[in-house]
Amino acid sequence: MPVLTGKELRIVGFLCNWCSYGGADTAGVGRFNQPTDLRIIRVPCSGRIDPLFIAKTLIGGADGVLVSGCHPRDCHYAEGNFYARRRLEVLKRFLPILGIDPGRFDYTWVSASEGQRWQKVVTVFTEQIHALGPAPRFDAVAPELLAKIAGAIGQGGNRVAA
Amino acid sequence: MAAKYISREKLPEWLKALAAERRVLVPVEEGGSVVFRAYDPARAPVFGSDATAPPKGAVFPASQELFSYACGKEGEDANPTLKLEAHTEATPTVVFGSKPCGARGFLIFDRVYMGKKYPDPYYIAAREATVFVTMACDRVENTCFCHWVGSGPADAAGSDLLLTPVDGGYLVEAVSDKGAPFLDSPVLADGAGKTAEAEAVKAKAREALGEAPDIADAPKALLGLFDDLEFWRDQSDKCVSCGACTYLCPTCYCFSITDEGAGLAGKRVRSWDACMHFQFTLEASGHNPRPTKAHRLKNRVGHKFSYYPTLHDGLIACCGCGRCVKSCPVSVDIREIVQNAVAKAKA
Amino acid sequence: MSEAIAYYPGCSGLGTSKEYDTSTRAVCAALGLSLVDIPDWSCCGSTPAHTKDHTLSAALSARNLQLVANMGMTAAATPCPSCLTNLRTANHRIEAAPFKAKVDKLLDEPYGGDVNAISVLQALVENVGLDTIKAAVRTPLKGLKVACYYGCIMNRPPELMAFDDCENPMAMDNILAALGAEVVPFPLKVECCGASYGIPRPDVTAKLSGKLLEAAVGVGADMVAVACPLCQMNLDLRQSQVNRAMGTNYRIPVPYFTQLMGVAMNIADTEIGFGKLNVDPRPVLSRALSGAD
Amino acid sequence: MRIGVFVCHCGSNIEGTVDTGIVAKTALDFPEVVFATDTMYACSEPGQDGIIQAIKDKNLTGVVVASCTPRMHEPTFRRAVERAGLNRFMFEMANIREHVSWIGKDREANTNKSVDLVRIAVEKLRRDAPLIPSKFSVNKRVMIIGGGVAGIQAALDCADGGLEVVLVERDSSIGGKMAKLDKTFPTVDCSSCILGPKMVDVAQHPNITLHAYSEVDAISGYVGNFQVQVKKKATYVDWELCTGCGACMEKCPSKKNPDVFNEKIGPCTSINIPFPQAIPKKAYIDATTCRQFVKGKCGVCAKVCPTGAIRYDMTDEIVTEDVGAIVAATGYDLFDISKIAEYGGGRYPDVITGLQYERLLSASGPTGGHIKRPSDGKEPKNIVFIQCVGSRDKSLDRPYCSGFCCMYTAKQTILTKDHIPDSQSYVFYMDIRAPGKMYDEFTRRAMEEYGARYIRGRVAMVYPKGDKLMVRGADTLAGTQVEIEADLVVLAAGAEAAKGAPQLAEKLRISYDKYGFFMESHPKLKPVETNTAGVYLAGSCQGPKDIPQSVGQGSAAAAKVLALFSKDMLESDPQISRVDIKRCVGCGKCIMTCPFKAIKEVEFRGQKKAEVIETVCQGCGICTSTCPQGAIQLSHFTDNQILAEVNALCQS
Amino acid sequence: MSRLEELKTRIREALPGLECVIGWQQGYDALHNTPLFMRSDADVDKLTWGVLNVHNPAVYLPTMAGKKVGVVVKGCDSRSVVELLQEKLIDRDNVVIFAAGCDGVVDLTKVKAKLAAAGVSAGNAEKVATDGKTVSVTAGGQTVAMPLAEVCADKCLRCQFPNAVLADVFVGDPAPQPTPNPTGNADLDALDAMSVDDRMAFWRYHMDRCIRCYACRNACPMCVCRDHCIAQSREPHWLSQEDSVTEKLMFQVVHAMHLAGRCTECGECQRACPMDIPVLALKKHLNRTIHDLFNYQAGVDVAAIPPLLQFKLEEDNIKERGW
């Protein structure tokens, strides 16, 4: 069953088991209402999240990706989120050059006790994705846009074969 | 059949007429490379030089769905139903403006995919639906060596129509039964007066290539060097094991098959494969009979100049277009390797 | 040392607290801190605007800050804590992009968002430094007992103002100590003077200001040094109102701290402008400085 | 694979906002799902039996349960599928309660989302492989970190249970905060009289090794086999020789140092035994004040020591203790009252903390049990107590209730009246929190029998006026401002995490909340466990607690350790990383990033390869996301499993 | 003795102790040089030094691990060697680095365009002459002179290291430090100037013609997974073999992310691409990010740790986003 057309967008979350997944549980236990778009994939640690998963998800057609791990210094595995922070930040800054709005990906830290914070994160991020709308897709670039780019590259003219 | 003539100015008119009825692929410039794309009057075709990538994909796409499948289930424990769907039908296509070597490549394909033993319905359909209008060369490049492999700048083998550049336009000749009806186009004028000039153009180009070396001993020589790994190490030292040479080769026909499933549905995909890649012969156990690039380059050269000709009446599995030389990131030169092999065998 | 900072006097600087403005200019000039006037500056968007419309208020501040940016400067100093609050609040609010967009819509030129606003007090402590101030003292205020009264908004809210301790600020204490004065421990440094209640509820203002005066007298202060035009007005101009309401008989001078700096640095009387105060500090000053007390 | 899907109603918890029937029915369309049903309570006995029966009847080889969070019942269901003969890792959960039914009421969206979550669980399960744990032996020694009442109780219970116990205490004596208290509420018992015997028991117990004046430096290893490096700080006194006679303290010329045991309201000597009942009763030298160290000459204590125990050249020493389990009982510290400048703590000497007041009340305190105010030694008459100083205050980032302050303040007003009959206590409070046995009655007594005046409202400001302190606040019941002239102001400083708690948590690899308190495994059901196997919590290190709660937790943690040690061999979690040796190029990036040193370099047919040390690997998967060619894969969370989940979500 | 002759002498001296020395020789025509594996003195005679030595010979080193080899490097190539050493992918004891000051190398794409503009085809090149400032190419009987600055590789325009950062044998005088020329960043500047949507169209346009030959990967000296690249494996199965823009672009993302903090910007990926796809821009962008975030540059310090394989408790330049 696809996301509810017109109502939901495709948002994928990657959450570490120990903190943020627990934080999402805490939000559930506390009955903190949240938008329904997000689908959570549980991983042991934010350090397990290869930035390529996020790239793959976004290029594959998701409208947004949210990653959440333990607060820095609070990683169950001591160091996972420190590595994650560097890698995810690099990815976040890399996305725009690919043509992906960096607002479609965010990462944050939510502890197992921060149910309310999780509610806020989900709500704000979902709103952010809805503001951006459905993600444009690489395999469905509008022909006019493509022609415009082709024209611009053609005018550059330096790479014409003899 | 009488040759026709078309002026450069009239060419778009002819292309438009052709495109009205079928897919027409022409070489166009894209980001510095020349590739075959559907004809678009707004984009001027590039006929001057050989395309970066040959029109191989017109008949043998880089990847192609062989069939799709969908499993159906009705409730628990019911036997799943399986629905297969295969599409072999091909789009009628004209490949317009390739060099003759680009079309000649399919002669090597034909023997594999249209033979009696394993006829390939996808290939056969596409091959039969495609007409090649090639353009004879009026100049040659340092990487050209079609004359080594029994071809030449105006080789009609594999083509259906042959255009030869003459003053102001092109002489148009039908060089196959499939090509003949195309001469009826009202856009074409009589070409009788241009034949001589065209012949001169062809001869001049052929002459520019010079004499081809004698590589008649290559099949034997290469086979004889099969176990000489040091020779192959020396030849392959600089090779980086990429697939540029094979994917750009008009005669390389190898493929891989993978299944891509999503939930209960999926498809079987055939995609180009390259014998220069480690994975080409990688076995499920992890063993690889061609573990090094020396093994793999040996295969590539050996296949083209020895194993294939031995199986197929001496036909060399190379059209001499020179793309493998020109596009190689490190300028590995297949001509040099063949010559080295012949020389080594002589010695 | 020669440092320059944009100078935003605020509306009271041209009116009720002219002496604060002139003494500030004179003192800074003498200390080598060049105050550069902002051409065509306008209202900061304080009380009347911000009670009505936050966007408009922020736009007025942003307009002035952008003028500073156009001067090629990155910071502005203002003597008035009310202006300071408003300028800093605007800077804080426009960190939210949607709010900034609304503000920019009201402006001829969008605000770049990178001009900092600080108080003259902060500029004197940080840009000039106590050592320089100490070195500039010609007439030490020896024998003068001063209570430093900062007012309620100079350091509040602390996250926004980001200067000094919001409950026990020391900047003015340190300056006056550098001038040689004896700074008495004044416990009500940041208590409310009654502020804007002066018009609708003068009884409240009288009570609150009265408490301040009582505490200042209680700790033995000769005068109360202030840094806010509104505080100054409530404590000085309304002192007789306070006395009437509370049945007291205070007559304690309430100069701006810059005026006391002017005295210590031998700045011309015209710039110090003691004459503009209700309770003239000069008799108390001369008595204290001569050691008569 | 033959997959069964069980969608739980959880009564109405899930069914209320999710159509579990549709979820189950839709799940039947997923690949390899041969059975799907909804069930009332999957975790109940009939629920589990139903799963087991279905596995047998339908020949299932894998199970998905869509119910609550896997953090709650994954172990339950794993045991269930194991009882049915499956490998317990051939199981996945879809969290459709906490992550779906409880966070929204849109039944259509929730049902739809649940289907998606089941879909990704199925896709993950299809790529699961059976995992077999390996076994390893347990070192049946336990370390207790912290010698307050919670740690003392845990140590005694473990030792009585026959375990070897290593107790590590940061200060020179055990006893913790309780040792500083004069009396305890609500019985007004003498604190040191009830704690003292327990401290002596620790000293005399043959199974307990005490490292006082020591701190945990580093921890490595894993449950059953930890190696802990303990730093024994230099005391400059040979404790083998010290008899605790106190001769050194009498003669020490440096007498004016703030006495930490007395919360710095009294002086002490540089060489010191903090209090008469100290365990161990040994002297130590504070090198930051000792003249021998500060000025380079003195040596008085060395001269007077009858046993010649003084060692000025002593240095810190590291000892390594091998233990199988660790109990953290590091307690709490007090909120720094000087952070609330309007109360004047730290500025005005007569504004003190409740614990300082406790020392003023104590007969062993600096005033010999007479209440004298610090500024001038006068006996105060009007005493204002302010509650919730650094508690329940969002603006100070201390939103939590410290729990015990209401009670000890009530106790202190009672003791004040006992000490100074003509005194008057005022208590500014927000709410009175007295939910323990006899607690509320106790606060009532303070008001009704001892005449303490309780004023409901916050204090705005404390400022000096003459030799009095003016306390200005609100009386929210009367709706007025009040101003009280006080002689002494006692602030009920809130509890906060002990200094260094986050650093210790990092060493223990346990979580802590944003305030530095250690995180328990489950707030209701696992209050003394942590998420790191073999590490337990007791007392206020987990959050503020009073004495009986702390003692109870000490015993609970001891019970957990004894249960753990009842087995000779433990099973390692097989969800660890594994190296595909064919794909490994031996670059060593996984070795560099592994936080546990669980990967080593080995040589295989002349080539460098990585190899995982099974018992050390904790299953974080950092290596998997580091390895560019994906040659090292975390079992149960492989690239292909996560990619399958991603694809299922992107393509659905 | 010229630099080249001195190089040859030094290589001949070292050759007996080495499996081979990797350098360059003239290739199939005057315009194309090709990597040279010197095993004998006769091989050494073929060695060239100059603007046509476009290839990065460091790419071969990891495949020859365990053997003691020599390598001739330009400044930029030496950074790859340093990076390989830093990641312990090659052994310092097993590599002898020969170097000389570099005046820059040509970008053959630019040369071809110049020739085309003059009406001749690079495919007919007969002779190339250079004096360090100008490159003169004779093709089809016509000689076209072009200033080196106009036809040199973009990386040379930005070059910070004309001399090897690490060398065992350095011959001749060091090359002078060039002044960075901003046009060397024109590709990235152009992308920066585009809207996000335009960039998506840009990559869609270019990646469409990718033939998935992996020349970009295989020419990359830092792509050490080689035969085990996740682009072609099923375990793990990151990519399908379909000829789709998303799969092809995803590979470029894989390549770039795997290079984050490791890429020395030698440009081989783009030079090797037979389809002229501007894939280097992705890595340049990433390098800029790495520099902004971690103040780090790959391949200059053997003792450094790549930034993504380490961390700081408090990152200097990563700000927490508020929610």
Side-chain angles (χ1 to χ4, degrees), chain A residues 1-4 7-8 10 12 14 16-19 21-22 24-45 47-53 56-57 59-62 70-71 73-80 82-84 87 111-114 119 122, chain D residues 26 68-72 93 95 97-106 108-113 115-117 119-120 124 502 505-507 509-514 519 523 531-532 575 593 595-596 618-622 624-626 630 634 636-637 639 642-643 645-647 649-652:
Chain A
M1 209 176 299
V3 291
L4 292 175
K7 206 160 165 187
E8 289 180 345
R10 210 180 291 263
V12 179
F14 293 90
C16 84
N17 177 54
W18 301 99
C19 293
Y21 197 93
D25 286 349
T26 306
V29 173
R31 309 300 197 278
F32 299 143
N33 261 337
Q34 295 157 45
T36 52
D37 310 46
L38 178 73
R39 310 284 190 261
I40 293 172
I41 293 175
R42 182 167 72 127
V43 292
C45 174
R48 171 67 189 94
I49 301 164
D50 190 326
L52 293 174
F53 285 132
K56 176 90 179 165
T57 311
I59 291 176
C70 304
H71 286 278
R73 292 175 186 271
D74 193 19
C75 176
H76 179 68
Y77 303 102
E79 298 177 351
F82 289 127
Y83 289 110
R87 294 169 186 184
S111 79
S113 60
E114 293 175 317
Q119 175 193 35
V122 174
Chain D
T26 315
C68 51
T69 172
R71 284 162 52 94
M72 174 91 96
M93 275 182 95
N95 182 350
R97 193 179 74 174
E98 282 83 346
H99 291 191
V100 181
S101 73
W102 277 353
I103 58 168
K105 294 199 166 59
D106 180 338
E108 185 198 8
N110 282 358
T111 304
N112 185 59
K113 182 175 175 184
V115 167
D116 251 5
L117 295 186
R119 183 200 317 276
I120 62 174
K124 180 160 185 258
E506 285 160 26
K507 287 173 190 164
R509 296 194 304 268
I510 60 176
S511 303
Y512 51 95
D513 66 20
K514 62 184 287 201
M519 290 282 291
N531 283 331
T532 298
Q575 291 184 80
T593 52
F596 306 102
Q618 301 286 308
C620 64
I622 295 171
T624 310
S625 55
T626 301
L634 174 62
H636 225 69
F637 290 98
D639 281 354
I642 296 172
L643 285 168
E645 292 178 83
V646 166
N647 289 339
L649 289 176
C650 286
Q651 288 159 4
S652 66

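Numbers restart at 1 for each chain; the letters A, B, ... are given by sequence-line order, proteins then strands.
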Identify which part of [X] has an atom lying under 4.5 Å from any heavy atom of chain D, answering side chain, backbone, both or neither.
| X | value |
| --- | --- |
| A/Ile49 | backbone |
| A/Arg87 | side chain |
| A/His76 | both |
| A/Glu114 | side chain |

Looking at residues at least two apart in the chain, or sitting in another chain, which of them share a ring-ring contact (aromatic ring centres under 6.0 Å, His included) with D/Tyr512?
-> none
Which atoms of [X] approach chain A - backbone, side chain, both or neither, heavy atom under 4.5 Å:
| X | answer |
| --- | --- |
| D/Leu634 | side chain |
| D/Lys514 | side chain |
| D/Ala109 | both |
| D/Pro595 | both |

Electrostatic pair A/Lys7:D/Asp106 at N-O distance under 4.0 angstrom = yes
Are D/Asp639 and A/Lys56 ion-paired here, with the side-chain N under 4.0 Å from a carboxylate O?
-> no
Straight-line distance of [X] [atom1] to [Y] [atom2], nearest 0.5 Å:
| X | Y | atom1 | atom2 | answer |
| --- | --- | --- | --- | --- |
| A/Thr36 | D/Glu108 | OG1 | CD | 9.5 Å |
| D/Asp513 | A/Cys19 | CG | SG | 11.0 Å |
| D/Asp116 | A/Leu38 | CG | CG | 11.0 Å |

For A/Gly28, does its backbone N or O pair with a side-chain atom of D/Arg97 as donor and acceptor, under 3.5 Å?
-> no
Looking only at atom types and distance, does a side-chain atom of A/Arg10 sit under 3.5 Å from a main-chain N or O of D/Leu649, one as donor and one as acceptor?
-> yes
D/Cys68: partners by disulfide bond (SG atoms under 2.5 Å apart), with sequence neighbours left out | none
With a 4.5 Å cut-off on side-chain heavy atoms, are [Y] and [X] touching?
| X | Y | answer |
| --- | --- | --- |
| A/Arg48 | D/Ile642 | yes |
| A/Phe53 | D/Ser625 | no |
| A/Val29 | D/Trp102 | yes |
| D/Glu645 | A/Arg39 | no |
| A/Tyr83 | D/Thr626 | no |
| A/Ile41 | D/Phe637 | no |

Option that, when pairs with chain A are counted at under 4.5 Å, heavy atom only, ranks first among D/Glu506, D/His99, D/Glu98 = D/His99
Between chain A and each of D/Val100, D/Ile120, D/Leu643, D/Ile510, count heavy-atom pairs under 4.5 Å; write down the option with the most.
-> D/Leu643
Please walk me through it: do A/Phe14 and D/Val646 pass side-chain contact (heavy atoms from CB on, under 4.5 Å)?
-> CA-CA 10 Å; A/Phe14 293 90; D/Val646 166; 3.7 Å; yes
Give me the ring orientation class for A/Tyr77 and D/Phe596: parallel if the planes are under 30° apart, tilted from 30 to 60°, perpendicular past 60°.
-> perpendicular
So which of A/Ala27, A/Ala24, A/Ser111 has the largest heavy-atom pair count under 4.5 angstrom toward chain D?
-> A/Ala24
Ranking A/Gly80, A/Pro35, A/Gly47, A/Cys45 by heavy-atom pairs under 4.5 Å to chain D gives rank one to A/Gly47
Please determine, by modelled atom types, if A/Arg31 and D/Ser101 share a side-chain donor-acceptor pair under 3.5 angstrom.
-> no
Taking atom types as modelled, is there a side-chain donor on D/Thr69 or A/Asp25 under 3.5 Å from an acceptor on the other?
-> yes
Closest non-hydrogen atom pair between D/Thr593 and A/Glu79, with its separation = O-OE1, 4.3 Å
Do you know the tightest heavy-atom contact between A/Gly61 and D/Cys650?
-> N-SG, 4.4 Å
